[in-house]
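Nothing here was measured: the structure is a model prediction, and the numbers come from that model. In what follows, every chain begins at residue 1, and chains take the letters A, B, ... in the order their sequences are listed.
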2 protein chains.
Amino acid sequence: MKKPTIKDVAKLAGVSFKTVSRVVNKEASVSDEVRTKVLECIEKLNYQPNHTARVMRKAPFSLAFVYDNPNSHYVIEMQNGIISECRERGFELVIHPTDSRSEDVGKELAAMIGSNQIGGVILTPPLSENRELVTFLLNRDAKVVRILSGAEAPDTLAPVIHVDDVGAARKMTDYLLDLGHKKIAFLGYHASHESSLGRLEGFRTALESRGLPVDKNLIIDGEFTFDSGMAMTREALKGKPTAIFACNDEIAAGAVFQSRLSGFNVPEDVSIVGFENSPFSVQTWPHLTTVNQPNFDIAACAAAMVIKMMQEKDVHSVESKGFSLNLVVRDSAIKPA
Amino acid sequence: MKKPTIKDVAKLAGVSFKTVSRVVNKEASVSDEVRTKVLECIEKLNYQPNHTARVMRKAPFSLAFVYDNPNSHYVIEMQNGIISECRERGFELVIHPTDSRSEDVGKELAAMIGSNQIGGVILTPPLSENRELVTFLLNRDAKVVRILSGAEAPDTLAPVIHVDDVGAARKMTDYLLDLGHKKIAFLGYHASHESSLGRLEGFRTALESRGLPVDKNLIIDGEFTFDSGMAMTREALKGKPTAIFACNDEIAAGAVFQSRLSGFNVPEDVSIVGFENSPFSVQTWPHLTTVNQPNFDIAACAAAMVIKMMQEKDVHSVESKGFSLNLVVRDSAIKPA
DNA sequence: AATAGATTTGACAACGTTGACAACGGAAGG
DNA sequence: CCTTCCGTTGTCAACGTTGTCAAATCTATT
């Protein structure tokens, strides 16, 4: 009735339980004869090594995924990426949503690491931008990998996965420029919102490198929501742009709607592009041209890095890595009339 | 440098490690004097009980959340509910996305239970509708709680959380009827899609109980997507309905768009309502009147049930529970002209 | 045939915790 | 003063696994 243990297998196979352990761990020094016999018995009893006991005896076999705004679709994509990696390597994932504004994120995490035998942590923005937090974790010798936006790793504290959304914003702007747009509005600038800053930078660079002016009146402040997108669009439309670059798909969806409300057809009168390739981007008509972020892969990569750091003692064997983003061309942007 | 153990605390406090264990587990028979001293030492050393060792010695302290279509927003809401409950009780959550079409879900799960000391499982549709799977898990004496839609628990195999979307669909239909609508189209009927069936049933019941006819031409087949919503709306509009009941918010968003494209203002010419209260419902204009499913609470409740079953030997102490759903009245439905 | 060396196996402790049970000390009852 | 009992504390085994090291067996070399 009870779950079979390594000793049950050993008794059945007529060997010591240590030998079974060796077979389970694929150690070399077991004769083929014994090995096959043990494997048979494992099969027969349907034996599963006890993860818990293993963890206790060996190094930690778990890592934590720490994220902030838990309702974003990208969280779940990342989570899936991490899980798939964990499964492959026999690791366990502990999920940890937090409120980044709270003061105790550090303490909370430290407690987790302390009590759960967690060996590694994957941090996403805005937690990953918190240098203090990172050093804090490092001091408690957790292995840390951060996912950040930016073209370069910001420091050498610990490996980083940097996602080049500046470059992507530039690509997108270039795309609009190549279509022939000259007056492009930028929606969603927000001083405290890290990613809006990067995207604006990419936007700027693209214009400037062609010697085009950046019209301040076409750079609109606002939040990353549908309603704010509508409001910003009313503002932007006063400047008569032929295209709108929205900081994310939600804003873009609001922009599409408001444009039409204001009598502009999309994409005939205004082209509109988004960012993120979220589900919203096909929830609108026309479907949005946007930028895709391969969240699953990014996260899987992060997981692989953390696991590697946990397994090899030498932390410096793991290097930071960059991801670039691709345009997803759909129907919301065309040549200007 | 190393993490302090119960023994380190004991040495510092000058008591046996068993006494510390007692303090940590809040057992009664410790004198106040000793208790405070031990607590001080725990504080001083920043001692954290080792979860792994605890699990090994005692009953399993983990439960699994098994779900299928992992990109839905409701998964993450539920996950958060479960986590919050787990944290409160010192339990650990293991996430398990699966492909319900694969044959080995059972095996996979059995392996998890076997190797990870998992004591309980929370199942969501369509996995939770799979009776065979449930008995399979029950036989391996896991505690199982299923989340299902329906007004009643379908059986007594194991406790169920049943979410009454039939009733909610009826409420919503009644709401439209009360506003004065007589011709209501139903979008998103799909024979193999369990929840569309329930929603249609609620819709029907509402009409029939007022002696109104159910017009077959206004019940439209289709999938739960924006594009399908547009297509279904083109079909439905031929019948000149004054209101549209969409099976979910994505369909409703498509319906809103297509209606306008076809020259009908929303909500002035057609009222449109959704279901699910997903992020999409405020991603459209006007914001959708819809049905809210308290996923966080449902999941937290499920977690509480599983944990209770794991802790008390008597499985039958835990009873199935029903949740009813509430309308979220926003701006997409008004009185007919 | 004897010895060294390599390969294979086993005995045992250890990981950090809890459960079972024994031991201690003091209070109450005779 | 001795017993009984209760509240408090301690000792030890156990959970299922892996690491260490020694024992046993086999192989190759002289």
Fill in the blank from the handout: To the nearest angstrom, the CD-C1' distance between A:E27 and D:dT20 comes to 12 Å
Practice task
Let me know the distance between CD of B:E33 and C1' of C:dG25, rounded to the nearest Å.
Solution key: 14 Å
Problem - Distance in angstrom units between B:F17 CZ and D:dC12 C1', rounded - result: 8 Å
Practice task
Kindly say if A:S16 contacts the phosphate of C:dG10, meaning a side-chain N or O under 4.0 Å from OP1 or OP2.
Solution key: yes
Handout entry: Shortest non-hydrogen contact from A:Y67 toward B:Q79
Key = OH-NE2, 3.5 Å
Completion exercise
Result for 5'-nearest mapping on DNA chain C, choosing between B:V24 and A:A28, is A:A28
Practice task
Taking only the side-chain nitrogens and oxygens of B:N25, find out if one of them lies under 4.0 Å from OP1 or OP2 of C:dT18.
Solution key: yes
Completion exercise
Contacts of A:R22 and A:P4 projected onto DNA chain D by closest heavy atom; the upstream (5') one is A:P4
Exercise for the section: Using whole Å, report how far CG of A:N50 lies from C1' of D:dC15. Expected result: 9 Å
Problem - Selection from D:dT17, D:dT18, D:dT9 that lies nearest to any side-chain heavy atom of A:S21 - result: D:dT18
Completion exercise
Sorted by position of nearest nucleotide on DNA chain C, 5' first, the leading residue of A:K18 and A:D32 is A:D32
Practice task
Apply side chain to side chain donor-acceptor pair (under 3.5 Å) to A:Q293 and A:N295, showing your working.
Solution key: CA-CA 6 Å; A:Q293 183 161 324; A:N295 291 313; 3.3 Å; yes
Exercise for the section: Could you tell me the separation between the NZ atom of A:K7 and the P atom of D:dT18, rounded to a whole number of Å? Expected result: 12 Å
Completion exercise
Heavy atoms of B:I307 and B:L63 approach each other most closely as CG1-CD2, 3.6 Å
Practice task
State which residue, out of A:N25, A:L39, A:V15, fulfils the side chain to side chain contact (heavy atoms under 4.5 Å, CB included) condition with A:V20.
Solution key: A:V15
Problem - A:K11 NZ - D:dG16 C1' separation (whole Å) - result: 14 Å
Practice task
Indicate yes or no for a side-chain donor-acceptor contact from A:S324 to the backbone of A:D164 under 3.5 Å, with no hydrogens or angles considered.
Solution key: no
Practice task
Whole angstrom is fine here: how far is it from CD1 in A:I6 over to P in C:dG10?
Solution key: 12 Å
Exercise for the section: Mind calculating the distance between CE (A:M56) and C1' (C:dA13) to the nearest angstrom? Expected result: 13 Å
Problem - side-chain N/O A:R57 vs C:dA14 OP1/OP2, d < 4.0 Å - result: no
Handout entry: Any A:T19 side-chain nitrogen or oxygen under 4.0 Å from OP1 or OP2 of C:dG10
Key = yes
Exercise for the section: Could you please name the option among C:dC15, D:dT9, D:dT17 that lies closest to any side-chain atom of B:S31? Expected result: D:dT9
